[in-house]
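First the structure, in the form of structure tokens, and then the observations on it.
Residue numbers begin at 1 in each chain, while the letters A, B, ... track the order of the sequences. Computed from heavy atoms alone, side chains included, the values below leave out hydrogens, waters and symmetry copies. Predicted model, so just to flag it, every value in this text is computed and none were measured.
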Amino acid sequence: MTEDKKNNIRVRFAPSPTGYIHIGNVRTALFNWLFARKNKGVFVLRIEDTDAVRSRDEYVDAIVEGLSRFGLEWDEGPDMGGSLGPYKQSQRTAIYEKHLKSLQERDLVYECFCQPDELEEMKKRKLEKGEQPIYSGKCSDLSEKEKRALRGEGKQPAIRFRVKQEEIVVKDLIRGDVTFNTSTIGDFIIFKSDGLPSFHFAVAADDGEMKISHVIRGEDHLTNTPKHIMILNALGFVPPLYAHLPMIVGDDHQPLSKRHGHVSIKEYLEEGYLPASLMNYLALLGWSSGDDQEIFTPAELIKKFDLLNVNKSSAVFDTKKLNWMGMQHMKNIPDTKLAQLVIPYLKSEEIMDCKKHVTEEKFDHLKKVVNVLRPYLSKLKDILKYADIFLCNDVKYSDEVTDLLKKDESQKIMKSILKYLPVDGVNKDSFNTVLSKVKEETGVKGKSLFLPIRAAVTGRLKGPELVDVFPLLSFGTLKERFEKALKI
RNA sequence: GACCCCAUCGUCUAGGGGACUAGGACACAGGGUUUUCAUCCCUGCAACACGGGUUCGAUUCCCGUUGGGGUCGCCA
């Protein structure tokens with residue numbers, strides 16, 4: 001047996017396919033993946049589709065696609081199989097029923113015929129009396145005759161787990177031992193009246209069946225854990241170790257929602273945040289390496305990751321820092337790659353012709369453009385802020401730009417620069433020579449000199465350095481833009 | 001309401017009794033890069049929630065208070 005297999009570390013990410021995958025869930029998936037890769041364990045993707053009404057196959061596809069594009073790969077999952085599958089809970093009913101039968105034989109569970117409205121009423125009453133709003137156990141001792149009668153009324157029972165009085169200790173790797181007294185937990189449903197297992201039952205049965213060694217999930221599951229441990233024990237499994245991750249919240253410290261902007265990984269990917277930068281940012285939300293390093297490649301994250309360095313308190317998602325991090329990762333991407341990545345964005349805005357094939361000549365030009373713009377990109381979509389300067393014939397003027405260009409001094413500068421522009425284009429050196437000549441002739445210098453030139457050439461008052469912009473534009477283009485500025 | 005978790009600059013965090021006049025990063029402010037700035041460099045601003053203990057000594061340990069969050073679904 002190899003060293004790799006000896007440790008038997010198996011973790012899982014278990015989303016439910018009821019929507020597009022949320023950034024908080026992606027962080028959970030990431031930590032599971034990092035932990036698995038760091039410890040040479042197995043990363044399982046399990047689909048929790050026991051909600052027959054809300055689960056949709058298209059969301060399963062979206063999860064698989066989102067995770068893949070984000071850069072996580074799993075070792076066992078619905079799309080690739082594995083020895084402990086299937087990996088969709090809707091395909092595991094035989095397994096759950098086997099376990100249910102075993103629980104029934106030992107009278108650890110009972111049928112409950114209470115209807116949702118009755119339950120609601122009972123809960124309300126308990127709350128009013130200041131009691132725990134837990135299930136009363138009304139159906140726990142129904143006779144066969146009573147059950148038959150209830151069935152006769154057309155009622156389908158749910159199955160409840162008999163919770164016995166005990167103390168349950170959750171061994172949490174991040175928070176230490178957390179003790180719960182089950183007296184605050186009522187007999188809970190493990191099989192719904194539609195015949196499908198409840199979340200709590202399916203999770204526990206599957207974590208046991210799939211030999212999960214560490215359950216790494218959001219803190220919102222911490223108080224659910226005693227239920228899972230009770231089931232695991234009843235089913236004869238040794239409970240896994242747990243690690244409950246801090247929550248990611250918005251700037252108002254409320255759970256992340258659409259109000260806070262993008263919440264789906266899909267949206268971030270579509271904006272063109274590089275997966276490596278997203279991964280880097282998310283990893284630092286709740287985890288730190290212990291030193292001052294901020295920028296990590298995925299490989300470095302794997303190398304340094306440790307659950308012991310995960311924080312306990314919730315973290316605010318900060319788009320500004322994400323953007324900064326995005327820029328840092330842009331620095332490391334080769335220009336050929338970056339140029340390729342940016343093309344779809346240029347085409348979608350018709351800055352490049354989407355019908356036409358990108359010629360080698362055009363692609364070389366694009367590589368140069370991308371190198372000039374690179375320091376200003378947090379995400380690929382940012383290329384659209386300046387790309388037209390280099391890739392379109394014409395640039396549009398804002399009102400501010402027009403006003404500036406109308407000034408006598410600006411006009412004077414345009415006339416002067418047209419005289420000195422070399423016909424065969426400009427490089428960095430000749431750019432400075434030309435500017436010196438214009439400065440001498442017009443007597444204008446500094447900001448007053450550069451800003452009108454920037455306005456005429458780029459149509460904007462800010463942007464990349466002109467000394468980098470000029471060499472990428474042909475004499476013809478420059479001439480045209482200055483002449484246009486003169487005619488304004 | 002009950003139970004559980006959490007608490008260092010605005011934000012992400014380092015810190016695990018003396019090394020702390022509390023470090024880094026983002027953001028912000030000012031300056032520089034003989035033009036703009038969203039790049040880059042420099043400087044600055046800015047925090048241990050509060051109250052009790054324990055200790056020669058607490059940001060670090062314990063208790064309480066306050067505040068925030070989570071759970072208490074035939075959702076997951």
* In terms of side-chain heavy atoms of Arg160(A), which of rG69(B), rC74(B), rC5(B) is nearest? -> rC74(B)
* Given rG1(B), rU35(B), rG68(B), the nucleotide with the shortest approach to the side chain of Lys447(A) -> rU35(B)
* Select base, sugar-phosphate, or nothing to describe what Gly463(A) touches, counting heavy atoms under 4.0 Å on all strands. => base
* Kindly say if Thr223(A) contacts the phosphate of rC72(B), meaning a side-chain N or O under 4.0 Å from OP1 or OP2. => no
* So, is Lys445(A) close to the rU35(B) phosphate, meaning a side-chain N or O under 4.0 Å from OP1 or OP2? -> no
* side-chain N/O Lys312(A) vs rG68(B) OP1/OP2, d < 4.0 Å -> no
* Asked: Without hydrogens or angle criteria, can the side chains of Asp382(A) and Tyr345(A) be said to hold a donor-acceptor pair below 3.5 Å?
  -> no
* Structure fact -> Among the nucleotides rG68(B), rG1(B), rU71(B), whichever has the atom closest to the side chain of Asn224(A) is rU71(B)
* With rounding to whole Å, what would you report as the distance between rC5(B) and rC61(B) at their P atoms? -> 16 Å
* Which of the following nucleotides, rA25(B), rC3(B), rC72(B), is nearest to the side chain of Pro133(A)? -> rC72(B)
* Structure fact -> Looking only at rC5(B), rA76(B), rC12(B), the nucleotide nearest the Leu285(A) side chain is rC12(B)
Give the table of side-chain donor-acceptor pairs shorter than 3.5 Å for residues 116-133 of chain A, with sequence neighbours excluded, one pair per line with atom names and distance.
from: Glu118(A); atom 1: OE1; to: Lys138(A); atom 2: NZ; distance (Å): 3.3
from: Glu118(A); atom 1: OE2; to: Gln115(A); atom 2: N; distance (Å): 3.1

* Watson-Crick or G-U wobble mate for rA47(B), both contacts under 3.5 Å -> none
* For atom P, what is the distance between rA46(B) and rG10(B), given to the nearest Å? -> 10 Å
* To do: May I ask you to verify if any side-chain N or O of Gln293(A) is less than 4.0 angstrom from the OP1 or OP2 atom of rG24(B)?
  => no
* Asked: Taking a pair as Watson-Crick or G-U wobble with both distances under 3.5 Å, which nucleotide is matched to rA14(B)?
  -> none
* Asked: At under 4.0 Å, does any side-chain N or O of Thr50(A) touch on OP1 or OP2 of rA76(B)?
  -> yes
* Pair Phe201(A) + Phe191(A): ring centers closer than 6.0 Å -> yes
* Asked: In residues 313-330 of chain A, which residues come under 4.0 Å of RNA chain B by heavy atom?
  -> Ser313(A), Ser314(A), Ala315(A), Val316(A), Asp318(A), Lys320(A), Lys321(A), Trp324(A), Met327(A), Gln328(A)
* Asked: Would one find more than 12 heavy atoms of other residues, nucleotides or ligands at under 6.0 Å from atom NZ of Lys381(A)?
  -> no
* Just by modelled atom types, is the Ala485(A) backbone N or O under 3.5 Å from a matching donor or acceptor in the Gln411(A) side chain? -> yes
* Asked: What interatomic distance, in whole Å, is found between C1' of rG44(B) and the corresponding atom of rG69(B)?
  -> 35 Å
* Are the side chain of Thr442(A) and the backbone N or O of Val438(A) linked by a donor-acceptor pair below 3.5 Å? -> yes
* Interatomic distance at C1', rU65(B) relative to rU71(B), whole Å -> 23 Å
* To do: Report yes if a side-chain nitrogen or oxygen of Lys192(A) is closer than 4.0 Å to either non-bridging phosphate oxygen (OP1 or OP2) of rC75(B); otherwise report no.
  => yes
* **Side-chain heavy atoms of Met279(A) within contact of Phe70(A), under 4.5 Å** => yes
* To do: With C1' as the reference atom in both, quote the distance from rA49(B) to rU59(B) in angstrom, rounded to an integer.
  => 12 Å
* Check: Lys367(A) main-chain N/O paired with Asp335(A) side-chain donor or acceptor under 3.5 Å -> no
* Asked: Under 3.5 Å, is there a donor-acceptor pair between the Asn280(A) and Ser277(A) side chains?
  -> no
I'd like a table of atom pairs between the protein and nucleotides 46-51 of chain B - only N or O on both sides, under 3.5 Å - with the distance next to each one.
none

* For atom NZ of Lys171(A), decide whether the heavy atoms of other residues, nucleotides or ligands shown that lie under 6.0 angstrom number more than 12. => no
* Asked: With rounding to whole Å, what would you report as the distance between rG18(B) and rU60(B) at their C1' atoms?
  -> 11 Å
* Give a yes/no answer on whether the side chain of Asn311(A) brings an N or O atom under 4.0 Å of OP1 or OP2 in rA14(B). => yes
* **Any Lys331(A) side-chain N or O less than 4.0 Å from OP1/OP2 of rC40(B)** => yes
* Asp220(A) has a side chain; which of rA14(B), rU71(B), rC74(B) sits nearest to it? -> rU71(B)
